[in-house]
Amino acid sequence: MIDKAKVQLEKLTAHRHANRDRQTKSLFDDNPDRFNDFSATSNGLLFDYSKCNLTTETMELLFDLAREAKVSEKREALFAGEAINTTENRAVQHMALRNMSGEPVMIDGKDVMPDILTVRNNMAQFAESVRSGKIAGQGGKFTDIVNIGIGGSDLGPVMATAALGPFHDGPKTHFVSNVDGADILEVLKKIDPATTLFIVASKTFTTQETMTNANTAREWLVKALGEEAVVNQFAALSTALDKTSAFGIADDRAFGFWDWVGGRYSIWSAIGLSLMIAVGPKRFDEFLSGAHAVDQHFQTAPDNENLPMLMALIGIWHRNSCGYDTHAVLPYDQYLHRFPAYLQQLDMESNGKRIDVSGQPVDHETGPVVWGEPGTNGQHAFYQLIHQGTSIIPADFLIAAEAVEPVGDHHQKLVANAFAQTEALMVGKSEEQVRSELAAKGIDADAIDKLAPHKVFPGNRPTCTFMYPKLTPFVLGQLVALYEHKVFVQGAIWNINSYDQWGVELGKELAGELLPVVKGEQKPTGRNSSTAGLVDAFHAMRK
Ligand code: F6P
């Protein structure tokens, strides 16, 4: 961390210690306008952070931290297309993919917008032709699409296709990611080879899981329809177009993107093709427009109204000053059921780092564990721990004002649950309150003594709430881009490179080494006794 930022972080930690016993609920008593003072909006989306244990002084210290960490200078470098991904010597310009302004975006002295628009137009033509049946399989109009990819080449399309379920009027979409054969097998059981389009999504076109699944799909299709089906029923999304043609995919079915689009930031690129086919190019553009609106907001809004900045700084407060290890994302929106999984890659692959940009170990915490499930299901699973456990878990609640497809009073019940949870987490229930409630029920004093401690809620547990009018493509674009820029700001403050992912490499290398051992072609010589023992047990159990 930059020295001056470190000093600022120390001030924040001292501020935290000085206010260790502060109760958020009393901050509401002190300031009836707290909700207005500690909430912000952007393009119809509301972000309420008033239920976090922080004050104007805390926020000022956090804004100073952002200034000392040179967040705005780093943001300028990001949007200027500088090679801020230093270990891979690449720019980070996924924002160009959703640049709807008509303005150029320069990378290495070249305007990248003409190429982006050409690919997007080609995708749109292809998507429309698939949707209309102009491009069809051997058996006629495509009824099913199978996206084969993993990580960023899967999670974005899966999450967004699920989120925009009510807008899905194209062919059925399926997603295969795991190298576990069960994943592809279960999909192949459901589809007709003659009316299925396979989309192989891989930035590198070398990823073991994806290439294994793609080859299995290819063999299955060829077996059913013959070799000539491949050229017609496969498409590819990749930066490695030489490899896609070697696989047998026609050039006009291969949609490219560029090395300055990180895998986990690639939903806006050709990787979004399955989503585009599902909901149509117009809605895909609305999705891009939502993200573009956030890009503009992030660049222009003052810090105290800037949603990604606020999200990031509150996260830093919780992680670095309060010492909270995890961060829960709790969508009260069933359509966002894959959003936490998507954010896990976005946040943890970006900021799960222990070395700073100059190659030195950091001396502070970086990215938290991100996790979550949709409410209200989570309430009946892990909320016990969030309310009464020993760990404090800051949480984001996400809720729409209106359901896209309302059913009776379901939505009001959902909203009441979301509001109830954030209130309960903040206010808690004192022992005094518990005792008087039990006494009012006529419970005797001994029983009250025994039961009361179990029924106390400490409260003071921080939550932020996002409220949006309705989960439209535009709003989904906003939500994803907000979290992307949050991750950027936190990485900038921690002075780490949020855009590489070396931590995924070692496991891949060892899996490559171990495959011949697992296949029985080599002995596990020289390996530790646990791995060697597991290999032996594996072979013995299969006999
Ligand atoms: O898990 C590592 C990773 O490189 C991710 O960053 C990426 O999204 C994923 O693998 C898939 O890579 P590809 O799109 O090249 O198949």
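Counting from 1, the numbers follow the sequence of the chain as shown. Counting starts at 1 for both ligands and their atoms, following the listed order. Below, all heavy atoms of this structure are taken into account, side chains as well, without hydrogens, waters or symmetry copies.
Counting all heavy atoms, side chain and backbone alike, S177 lies closest to N213 at O-ND2, 3.6 Å.
Residue contact annotation: Q345 has a non-hydrogen atom under 4.0 Å from ligand 1.
Remark: ligand 1 and S202 share an N or O pair separated by less than 3.5 Å (distance only, no angle test). Between F205 and ligand 1, no pair of N/O atoms sits closer than 3.5 Å.
Between F466 and Y483, the ring center distance clears the sub-6.0 Å criterion.
Near S153, with a cut-off below 4.0 Å to any heavy atom, the atoms of ligand 1 are 13 (P), 14 (O). Close approach to G152 involves these atoms of ligand 1, each under 4.0 Å from a residue heavy atom: 7 (C), 8 (O). Heavy-atom proximity to T204, at under 4.0 Å, picks out these atoms of ligand 1: 13 (P), 15 (O), 16 (O). Each of the following atoms of ligand 1 lies closer than 4.0 Å to a heavy atom of I150: 9 (C), 11 (C).
A side-chain donor from one of T195 and T143 sits under 3.5 Å from a side-chain acceptor of the other.
Distances from atom 2 (C) of ligand 1 to the heavy atoms of L155, T207, D154, V504 show the closest one on V504. Comparing E349, K508, Q208, R264 against atom 6 (O) of ligand 1, the shortest heavy-atom distance belongs to E349.
Classified by interplanar angle (parallel below 30°, tilted 30° to 60°, perpendicular above 60°), the ring pair F126/F255 is tilted.
Using a distance-only test at 3.5 Å, with no hydrogens or angles considered, a donor-acceptor pair links the side chain of K353 to the main chain of D500. A donor-acceptor pair under 3.5 Å is formed between the side chain of S238 and the backbone N or O of S202. In this structure, R253 contributes its side chain and A236 its backbone to no donor-acceptor pair below 3.5 Å.
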